[in-house]
Amino acid sequence: MFSRPGILHLQLVARLSLLVSILAALFAPGLLAQKIELSVDALKTGAKIDRNIFGQFSEHLGHGVYEGIWVGADSAIPNTRGIRNDVVAALKALKVPNVRWPGGCFADEYHWRKGIGRSDRRSVTLNPNWGGVVEPNTFGTHEFLDFIEQIGSEAYLSVNVGSGTPEEAAEWLEYLTAALPTTLAKERAANGHPAPYKIAYLGIGNESWDCGGNMTPDYYLDQLKIYSRFVRNFHPEQQERQAMRKIAVGPGGNGPRWTEWTETIMKAYQSHTWSWDLSGLSLHNYTVVKWPPAYASVGFGEAEYAQILKSTLEMEGLVSKYSSIMDKYDPQKKVALVVDEWGGWYAPLPGSNPGFLVQQNSLRDAILAALNLNIFARHADRVRMANIAQMINVLQAMIITDQEKMVLTPTYYVFKMYVPFEDATFVPVSFNSGSYAHGDQTLPRLDAIAAKDTSGKLWLALTNVDPNQRAEIELRLAGVNAKSASGETLTAPKVDSVNTFASPHTVAPEPFRAQVEGGKLSLTLAPKSVTVVAIEP
Ligand code: AHR
């Protein structure tokens with residue numbers, strides 16, 4: 001059919017196209033990048049990664065509580081005593097260690113008595129911080145603690161220092177925790193809970209330097225001493241080992257004002273007497289770049305991806321800075337740095353109530369979450385608690401609802417993938433991250449942490465920040481037998497890919513496996529991805 005010169009021509013074309021495809025493969029983005037060597041010695045362990053760094057925050061704000069958690073017992077949305085079942089099931093899978101409630105700025109205007117007793121007789125108030133909407137108080141103390149029990153978590157209550165009194169806060173704690181038949185304990189029993197509640201964490205005020213009362217550090221310190229002294233937990237099982245931990249308001253960013261605040265509290269702590277104590281100092285830091293928040297949570301490109309992620313890495317500097325101030329006054333690290341508000345804060349979604357802080361949640365947020373969790377894990381000796389803002393429908397949420405519909409966000413999946421790191425022991429990882437640059441932003445290309453879980457299994461979390469190139473990892477392991485690595489990886493077509501009610505699985509984890517070959521474990525990470533693997537012997 002073909003003449004000899006025709007066959008030769010075809011062979012030449014075939015060879016040329018093979019050569020072209022080999023060259024194309026060699027110069028394909030993923031292969032151009034050099035292999036990144038990662039070394040982990042499983043025998044070199046560090047601090048415990050406290051499960052509480054995976055804490056959540058739920059404020060009376062927008063649809064964070066009403067609709068997000070609470071639909072009421074008469075709702076057509078399946079619920080248990082008014083709390084929606086789909087949300088509870090999703091949160092149970094996250095093994096949420098603690099939930100901070102009722103705020104935020106809301107906490108310093110919250111009066112607990114308005115949220116107890118028969119729901120049809122509760123005061124209807126306003127929520128001036130967040131859209132000025134009506135606050136029905138139908139979700140109050142008992143409903144919150146029912147929710148905590150349903151998801152299997154612990155309560156982190158923020159008491160009202162701004163517009164409340166030490167007496168009001170002390171009575172709330174007595175109402176909650178007294179086992180003896182005081183009038184308040186009997187009232188609790190009459191409201192349906194004869195047994196005292198356990199309250200694991202107590203936040204003394206919220207942002208008392210701003211929405212919590214614009215106090216000076218010295219004025220707040222005086223308040224802190226009074227609340228710490230008189231707001232007592234009477235639960236019989238919380239008198240010693242399980243004692244309630246008290247968390248003071250700490251810094252809210254970078255700069256001399258926050259240094260002074262931290263110095264004031266920690267210096268006083270150094271010489272504190274029996275009459276007051278402290279277990280944690282909070283840090284609030286959002287990834288926002290511009291104030292008021294102007295970056296979009298959807299429909300952005302690589303420039304905003306790089307800017308936001310570069311900005312989120314500032315958490316490392318803040319945590320290091322405040323840890324070293326704390327080290328000066330508390331070298332034994334008795335006081336934890338509690339990052340109880342963090343996450344991406346973007347422009348409100350068009351058409352939403354700006355006071356409701358509604359935003360979408362993209363693959364970028366998943367990467368942002370992983371980078372912050374890694375920072376907390378690396379500082380596990382001091383950072384022993386953190387609360388992402390906020391759990392449902394507000395800011396960087398785990399869950400978005402609309403009436404009966406619910407969707408899990410990319411951030412939800414990162415928290416789920418990181419569950420094995422709860423209470424695991426940190427194991428140092430050495431690597432040269434390389435860099436990823438876009439425009440005038442340059443960031444580390446790779447991030448990684450490792451830890452041994454409570455059964456001794458070694459886990460690795462690897463983030464490839466680069467949205468264009470795969471990362472080829474060569475893992476050198478010591479102190480552990482390894483045949484393979486298996487787990488999950490999370491990526492999506494675009495940096496701004498999101499999950500919606502119509503398309504809920506655009507950003508969802510996929511199984512991931514890697515084998516040991518020639519004594520080495522090679523892992524290929526997709527561009528813009530988070531991967532969590534267990535090392536299998
Ligand atoms: O999370 C939203 C708000 O941000 C909180 O109410 C406040 O503490 C912070 O300023």
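As the structure lists them, so they are numbered: ligands from 1, and atoms in each ligand from 1. Because the structure is predicted, anything quoted here is derived from the model rather than measured.
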Residues two or more places apart in sequence or in another chain: which of them pass ring-ring contact (aromatic ring centres under 6.0 Å, His included) with Trp345?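 If we apply the ring-ring contact (aromatic ring centres under 6.0 Å, His included) test to Trp345, skipping adjacent residues, the hits are Tyr286, Trp291.
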
Ligand 1: protein N/O within less than 3.5 Å of ligand N/O:
unit_1	atom_1	unit_2	atom_2	d
ligand 1	1 (O)	Tyr286	OH	2.7
ligand 1	1 (O)	Gln390	NE2	2.9
ligand 1	4 (O)	Tyr286	OH	3.4
ligand 1	4 (O)	Glu341	OE1	3.2
ligand 1	6 (O)	Glu59	OE1	2.7
ligand 1	6 (O)	Glu59	OE2	3.0
ligand 1	6 (O)	Cys105	N	2.9
ligand 1	8 (O)	Asn206	OD1	3.3
ligand 1	8 (O)	Asn206	ND2	3.0
ligand 1	8 (O)	Glu207	OE2	3.3
ligand 1	8 (O)	Glu341	OE1	3.1
ligand 1	8 (O)	Glu341	OE2	2.7
ligand 1	10 (O)	Glu207	OE1	2.8
ligand 1	10 (O)	Glu207	OE2	3.2

For atom NZ of Lys328, decide whether the heavy atoms of other residues, nucleotides or ligands shown that lie under 6.0 angstrom number more than 12.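 Atom NZ in Lys328 is crowded, with more than 12 foreign heavy atoms closer than 6.0 Å.
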
Throw together a table of side-chain donor-acceptor distances under 3.5 angstrom for residues 387-401, partners on residues two or more places apart or in other chains.
unit_1	atom_1	unit_2	atom_2	d
Asn387	ND2	Gln56	O	2.9
Asn387	ND2	Asn98	OD1	2.8
Gln390	OE1	Glu59	N	3.2
Gln390	NE2	Glu59	OE1	3.0
Asn393	OD1	Thr401	N	2.7
Asn393	ND2	His63	O	2.9
Asn393	ND2	Thr401	OG1	2.8
Gln396	OE1	Gly344	N	2.8
Gln396	NE2	Asp365	O	3.0
Gln396	NE2	Thr411	OG1	3.0
Thr401	OG1	Glu67	OE2	2.9

Do His142 and Tyr175 have their ring centres less than 6.0 Å from each other?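 When the ring centroids of His142 and Tyr175 are compared, they turn out to be within the sub-6.0 Å range.
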
With a 4.0 Å cut-off, would you call Asp447 and Arg378 a salt bridge?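 Looking at Asp447 and Arg378, the cut-off is met.
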
Can you name the side chain to side chain contact (heavy atoms under 4.5 Å, CB included) partners of Gln150, sequence neighbours left out?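 Thr80, Arg81, Ile83, Val88, Asp146.
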
